[in-house]
2 protein chains.
Amino acid sequence: MRSFAVIGLGEFGASIASYIEEEGGEVIAIEIDPEKVRNYENEFTSVVEADATDIEALRDLGISDVDAAIVSIGTNMGASILITLLLKELKVPLIIVKAMNQLHGKVLKKVGANSIVFPEKDMAKNIAWRLMWPDYKELELAPGLCMIEISAPKSFINKNLGLLELRKNYDANIIAIKKKVPYITEDQQTDYKEKTIAPPNADTSIDEGDTLILVCPQDKVEKFKNMT
Amino acid sequence: MRSFAVIGLGEFGASIASYIEEEGGEVIAIEIDPEKVRNYENEFTSVVEADATDIEALRDLGISDVDAAIVSIGTNMGASILITLLLKELKVPLIIVKAMNQLHGKVLKKVGANSIVFPEKDMAKNIAWRLMWPDYKELELAPGLCMIEISAPKSFINKNLGLLELRKNYDANIIAIKKKVPYITEDQQTDYKEKTIAPPNADTSIDEGDTLILVCPQDKVEKFKNMT
Ligand SMILES: Nc1ncnc2c1ncn2[C@@H]1O[C@H](COP(=O)(O)OP(=O)(O)OP(=O)(O)O)[C@@H](O)[C@H]1O
Ligand SMILES: Nc1ncnc2c1ncn2[C@@H]1O[C@H](COP(=O)(O)OP(=O)(O)OP(=O)(O)O)[C@@H](O)[C@H]1O
């Protein structure tokens, strides 16, 4: 049974606490504001009204026994820094801290945070990327190994996989092809439903509008990206 | 050249704008506060001081020509709702809006938002999941098709892939195996470096501590999850 401490029940802290409980974990939430404590009292395994900058309070709560602690205090940067230091001293094995800006993040790392989160910035990066590269997705599976999702390049259309020899020419392993299959609806319209072929074989041919999911080395990715 | 409108230069808006420009996109940023306009004047392709609830202002800025608009106004829910409606009327093809809570999100969808973002909640979900399932990762590649990353189950250890017959027994296609290879450092310590085998073949055997990356149908995922 994995147990976690969440310090600060603002929007970020309360969301983390409830997703963890939803997944079957146990949360001990530490919150200084009595009104918020009352608000969340019955929602998590344990909700405690305390000032997390007080090392005795943390010790009494048995914080050293949790699998990880999440510090989700935004506006009071000093408090989040002090609390991070205390958690490090109390040997909490994994400390995740929400940071307000890069400098705050740097200080948090120095006092022992294992992982810094900038929810707005991180989400913004994600969205910006998908907006700029809507026909292309990339995910690093391992050092030097990527999975990519691309619209079928023009040069691949109407050829079958046996002919394309993706492994030989691009070191690529094709995992799946997503196709759009046209059909006639009840009111005589043409509509498309998605059909996924996984794994495809040498006879599978590539049509215009197909999406290919491939695994290939990092250094072959640029080649595919330039085809989209 | 992809062009975007970002409305509201709070932390979320300013981050999206700068990531888009970093990736080579053009941003026209619309911000009502003159101090913020001055602050960001030289950072984006175009920064305009205007009230985005004014349809004439939006029309004059040629907002109908952008590929997508991102509405990143938090505290004034009414404004973000009105602006979303106007963008829909001006036929902006893709409208992404930051929402303050579920109800706000519902209203935004009704007035034409294509996609709603809750940066803090979405990030929290991500983190909670990784905390609860540190030895297991799952990604949906297509409807009914998942990629998963798992620690080698006990029952697989010291067996080679030919013996395990993953395709036959689990409908699974193994993409890669991440191994830890021990070596002796300069000061006579044992350390590990990561080695990825992709794709592995029938003779590759699985060792304790290996991580397996597999593609399998959605309904086989539970089987693997319960082995970790
Ligand atoms: N020393 C402390 N000990 C425990 N809880 C604290 C302490 N200081 C602040 N908090 C609580 O942390 C919570 C989050 O803090 P705050 O609202 O400043 O951050 P935020 O970043 O604005 O939150 P949100 O996650 O909503 O964006 C608040 O509920 C606050 O009462
Ligand atoms: N009608 C409007 N037209 C253009 N910009 C606006 C309008 N109303 C608010 N803004 C701007 O939107 C920006 C973000 O708004 P606000 O600070 O309320 O949201 P927030 O969610 O707190 O932002 P953050 O992204 O920092 O969390 C502010 O800079 C504000 O001046």
Side-chain angles (χ1 to χ4, degrees), chain A residues 2 4 10-25 67-68 70 72 94 96 98 100-101 115 117-129 131-134 139 141-145 147 149 167 171 173 175-178 194-196 198-199 211 213 215-217, chain B residues 2 4 10-25 67-68 70 72 94 96 98 100-101 115 117-129 131-134 139 141-145 147 149 167 171 173 175-178 194-196 198-199 211 213 215-217:
Chain A
R2 295 178 63 71
F4 304 91
E11 186 172 346
F12 187 63
S15 301
I16 284 211
S18 68
Y19 284 125
I20 288 171
E21 296 264 353
E22 224 172 273
E23 286 293 318
D67 293 295
I70 300 104
S72 39
L94 177 62
I96 298 170
K98 174 175 145 169
M100 295 312 277
N101 57 49
S115 169
V117 181
F118 302 89
E120 306 238 318
K121 268 192 99 200
D122 295 343
M123 186 102 245
K125 189 170 191 178
N126 218 308
I127 292 173
W129 219 81
L131 285 170
M132 278 304 295
W133 304 104
L139 176 70
L141 297 181
L145 188 73
M147 186 177 76
E149 184 169 324
R167 173 142 310 282
D171 246 332
N173 174 10
I175 309 302
I177 300 179
K178 298 191 203 177
E194 220 182 57
K195 174 161 163 274
T196 306
T211 300
I213 302 178
V215 171
C216 69
Chain B
R2 296 178 61 73
F4 304 91
E11 185 172 347
F12 186 63
S15 300
I16 284 210
S18 68
Y19 284 123
I20 289 172
E21 296 265 353
E22 223 171 276
E23 285 294 318
D67 294 293
I70 301 103
S72 39
L94 176 62
I96 299 171
K98 173 172 142 168
M100 294 313 278
N101 57 51
S115 169
V117 181
F118 302 90
E120 306 236 319
K121 267 192 100 202
D122 295 344
M123 187 102 244
K125 190 171 191 178
N126 219 310
I127 292 173
W129 219 81
L131 285 171
M132 278 305 293
W133 306 103
L139 175 70
L141 296 182
L145 187 73
M147 185 176 76
E149 183 168 325
R167 171 141 311 281
D171 245 333
N173 175 10
I175 309 300
I177 299 180
K178 296 190 200 176
E194 218 182 61
K195 174 160 165 272
T196 306
T211 299
I213 301 178
V215 171
C216 69

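Just so we're on the same page: letters track the sequence lines, and every chain starts at 1.
Under the side chain to side chain donor-acceptor pair (under 3.5 Å) criterion, B:E21 pairs with B:T45, not counting sequence neighbours. For the side chain to side chain donor-acceptor pair (under 3.5 Å) test, no residue two or more places apart in sequence or in another chain qualifies with A:K125.
Contact tally against chain B (heavy-atom pairs below 4.5 Å) for A:D122, A:N126, A:L139, A:D171: the top residue is A:D122. Per-residue counts of heavy-atom pairs under 4.5 Å with chain B were compared for A:L94, A:I175, A:N173; the largest is that of A:I175. Of the listed residues (B:I70, B:L131, B:N101, B:T211), the greatest number of heavy-atom pairs within a distance under 4.5 Å of chain A belongs to B:L131.
If you measure heavy-atom distances from B:E11 to chain A, the contacts under 4.5 Å come from both the backbone and the side chain. With a 4.5 Å cut-off on non-hydrogen atoms, A:E194 touches chain B through its side chain but not through its backbone. Both the backbone and the side chain of B:L141 have a heavy atom closer than 4.5 Å to some heavy atom of chain A. Contact of B:I20 with chain A is made through backbone and side chain together, with heavy-atom distances under 4.5 Å. Interface remark: B:A68 contributes side-chain atoms only to the contact with chain A (heavy atom separation under 4.5 Å). In this structure, chain A has a heavy atom under 4.5 Å from the side chain of B:E149, while its backbone stays farther away. For A:A142, the parts sitting under 4.5 Å from any heavy atom of chain B are the backbone and the side chain alike.
Between A:K98 and B:E120, the closest side-chain pair of non-hydrogen atoms falls below 4.5 Å. Contact annotation: the side chain of B:I213 never approaches that of A:V215 to less than 4.5 Å [non-hydrogen atoms, C-beta and beyond]. Using a 4.5 Å heavy-atom threshold, the side chains of B:R167 and A:P199 count as touching. In this structure the side chain of A:F4 reaches within 4.5 angstrom of the side chain of B:M132, judged on heavy atoms. For the pair B:K121/A:F12, no side-chain contact is recorded, criterion being any heavy-atom separation below 4.5 Å from C-beta on.
The minimum heavy-atom distance linking B:A128 with A:Y19 is given by the pair CB-CB, 3.5 Å.
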